[in-house]
Amino acid sequence: MNRQGHTRIAPAALRKTVEAVTCQAFGVPHTDVSASLQDDAGKLGVDLLVRLPAPTLMAPAPEGRPPLFEQAEIARLKISFMGRQVTGMEIGKINIRLGAA
């Protein structure tokens with residue numbers, strides 16, 4: 001079945017989707033993530049603020065877990081992959097700023 005027309009995703013819906021994907025990637029509640037979006041040479045550029053519990057930021061990584069910056073890199077890959085799956089948009093640069101909750 002072919003239907004003529006187009007589909008648009010509102011910017012607020014895109015932002016909320018990226019925030020939800022980020023929450024899942026970092027394992028934090030939705031209140032601890034905020035995102036802003038911009039054009040990145042035709043791709044979806046993402047700036048994130050992820051608030052983590054202060055002990056997580058200051059303590060060495062627990063046994064068996066990668067250091068915080070490696071966790072952020074893993075989360076960046078998950079955000080890029082899951083974001084594309086959910087939105088259908090190519091994700092460009094993902095800037096992550098880690099802060100204390």
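- Remark: of the listed residues I96, N95, L37, N95 is the sole one forming a side chain to side chain contact (heavy atoms under 4.5 Å, CB included) with D47.
- Pairing each heavy atom of P29 with each of C23, the nearest pair is O-SG, 3.7 Å.
- With values rounded to the nearest 0.5 angstrom, L14 atom CG is found 13.0 Å from K16 atom NZ.
- The main-chain N or O of G42 is found under 3.5 Å from a side-chain atom of D39 such that the two form a donor-acceptor pair.
- Side-chain atoms of D40 come within 3.5 Å of backbone atoms of K93 as a donor-acceptor pair (strictly under, hydrogens ignored).
- Of the possible donor and acceptor atoms, none in the side chain of R84 sits under 3.5 Å from a partner among the backbone N and O of I91.
- In the hydrophobic clustering of ILVMFWY residues, with side-chain heavy atoms under 4.5 Å counting as a link, I94 and F81 come out together.
- Not one N or O on the side chain of S80 forms a donor-acceptor pair closer than 3.5 Å with the backbone of R76.
- Looking at R51, its side chain never comes within 3.5 Å of a backbone N or O of V28 through a donor-acceptor pair.
- For K78 against A25, the heavy-atom pair with the smallest separation is CB-CB, 4.0 Å.
- For the atom pair I79 CD1 and I74 CD1, the distance stands at 11.5 Å (nearest 0.5 Å).
- Checked by atom type and distance alone, the side chain of E19 pairs as donor or acceptor with a backbone atom of A35 at under 3.5 Å.
- Shortest non-hydrogen contact noted between M82 and Q24 is SD-OE1, 3.6 Å.
- Both I9 and V18 are members of a single hydrophobic cluster when ILVMFWY side chains are connected at heavy-atom separations under 4.5 Å.
- Note that CG of D32 and CG of L49 are 9.0 Å apart. Values are rounded to the nearest 0.5 Å.
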